[in-house]
J.: 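Right, I'll just put the structure down here and ask away after.
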Amino acid sequence: MVRKLILAATAVVALSAQAQALNTITTTQVGVTNNSSTTQINVFGSNTNVLSQFGGQNSNTASATQVTLTGTNRNTMFQDSEAFPFPNNSATILQIAPLGTNLNNVVQVP
């Protein structure tokens with residue numbers, strides 16, 4: 001009985017620690033053609049993705065997937081393509097938070 005109680009208490013502590021967990025990705029890309037893909041999965045905590053892309057010749061392509069049950073998904077993307085005469089920025093975002101919050105901000109500069 002004591003052993004089961006200790007194991008249960010340990011599980012609660014582990015769950016509490018996971019509830020405060022935060023996944024953070026910060027990416028900056030400077031180049032001719034930039035591609036980025038991120039995936040974040042955090043059951044009880046929050047996910048944060050910050051991406052900046054500065055492309056010269058062709059295009060910037062970004063994809064972000066964020067999944068949390070009760071936390072917050074935060075996604076910020078900035079894309080600046082200087083390709084002439086056809087700048088090309090592409091962003092795809094999937095955010096799933098059934099009991100949480102999704103926040104998304106995308107800025108694209110041709």
Side-chain angles (χ1 to χ4, degrees):
M1 178 67 171
V2 173
R3 185 175 181 186
K4 288 182 183 179
L5 186 57
I6 291 172
L7 290 174
T10 303
V12 169
V13 170
L15 185 59
S16 297
Q18 175 62 26
Q20 301 302 316
L22 175 66
N23 290 331
T24 302
I25 297 174
T26 301
T27 306
T28 301
Q29 295 179 316
V30 179
V32 176
T33 300
N34 300 309
N35 295 298
S36 175
S37 178
T38 59
T39 300
Q40 297 173 303
I41 300 173
N42 196 336
V43 178
F44 298 107
S46 295
N47 298 310
T48 300
N49 181 41
V50 178
L51 172 66
S52 299
Q53 292 179 316
F54 303 92
Q57 178 188 5
N58 193 357
S59 65
N60 295 312
T61 302
S63 174
T65 301
Q66 297 175 309
V67 180
T68 184
L69 181 62
T70 60
T72 300
N73 291 319
R74 291 179 182 89
N75 183 60
T76 301
M77 290 183 181
F78 175 80
Q79 296 177 310
D80 184 359
S81 176
E82 299 298 328
F84 181 81
F86 303 109
N88 185 9
N89 294 310
S90 173
T92 303
I93 297 101
L94 172 62
Q95 295 176 311
I96 300 172
L99 302 174
T101 304
N102 293 318
L103 304 171
N104 188 40
N105 187 25
V106 176
V107 176
Q108 295 176 315
V109 179

J.: Kindly give the heavy-atom pair with the smallest separation between S81 and S59, and that separation in Å.
T.: OG-CA, 4.4 Å

J.: Suppose we screen for side chain to side chain donor-acceptor pair (under 3.5 Å). Which residues come up paired with N102, at least two apart in sequence or across chains?
T.: N73

J.: Would a distance-only check, ignoring hydrogens and angles, find a side-chain to backbone donor-acceptor pair under 3.5 Å from N89 to V109?
T.: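 Pair found, side chain donor or acceptor close to backbone of V109.
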
J.: Give the other cluster members for I41, using side-chain heavy-atom distances under 4.5 Å between Ile, Leu, Val, Met, Phe, Trp and Tyr residues; answer none if it is isolated.
T.: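 V67, L94, I96, which link up through side-chain heavy atoms under 4.5 Å apart, make up the rest of the cluster.
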
J.: Between L103 and L22, is there shared hydrophobic-cluster membership here, with clusters defined by ILVMFWY side-chain heavy atoms closer than 4.5 Å?
T.: no

J.: Heavy atoms, side chains only, cut-off 4.5 Å: are N60 and F54 in contact?
T.: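 SC-SC contact between N60 and F54 ruled out.
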
J.: Which side chain to side chain donor-acceptor pair (under 3.5 Å) pairs, counting each pair once, include a residue from residues 91-101, with sequence neighbours left out?
T.: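 Residue pairs passing side chain to side chain donor-acceptor pair (under 3.5 Å), neighbours aside: Q66-Q95.
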
J.: Quick one: does L69's side chain get under 4.5 Å of F44's, heavy atoms only?
T.: yes

J.: Less than 4.5 Å apart, side chain to side chain, heavy atoms only: is that true for R74 and T76?
T.: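 Sidechains of T76 and R74: no contact.
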
J.: What distance do T24 atom OG1 and N49 atom CG have between them, rounded to the nearest 0.5 Å?
T.: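 One gets 9.5 Å once the value is rounded to the nearest 0.5 Å.
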
J.: Under 4.5 Å between any side-chain heavy atoms of I93 and M77, yes or no?
T.: yes

J.: Got a second to check how far I25's CD1 is from T38's OG1, nearest 0.5 Å?
T.: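 The OG1 atom of T38 is 4.5 Å from CD1 of I25, to the nearest 0.5 Å.
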
J.: Let me confirm one number: the CG-OG distance from N35 to S90, rounded to the nearest 0.5 Å.
T.: 9.5 Å

J.: How far apart are the closest heavy atoms of A97 and G71, and which atoms are they?
T.: CB-O, 4.4 Å

J.: Measuring only between side-chain heavy atoms, which start at C-beta, is Q29 closer than 4.5 Å to S36?
T.: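 When only atoms from C-beta onward are counted, S36 and Q29 do touch, with a gap below 4.5 Å.
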
J.: Looking only at atom types and distance, does a side-chain atom of T68 sit under 3.5 Å from a main-chain N or O of N42, one as donor and one as acceptor?
T.: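 Checking the backbone N and O of N42 against the side chain of T68, a donor-acceptor pair under 3.5 Å is found.
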
J.: Short question: side chain of S46, backbone of T72 - any donor-acceptor pair under 3.5 Å?
T.: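 Present.
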
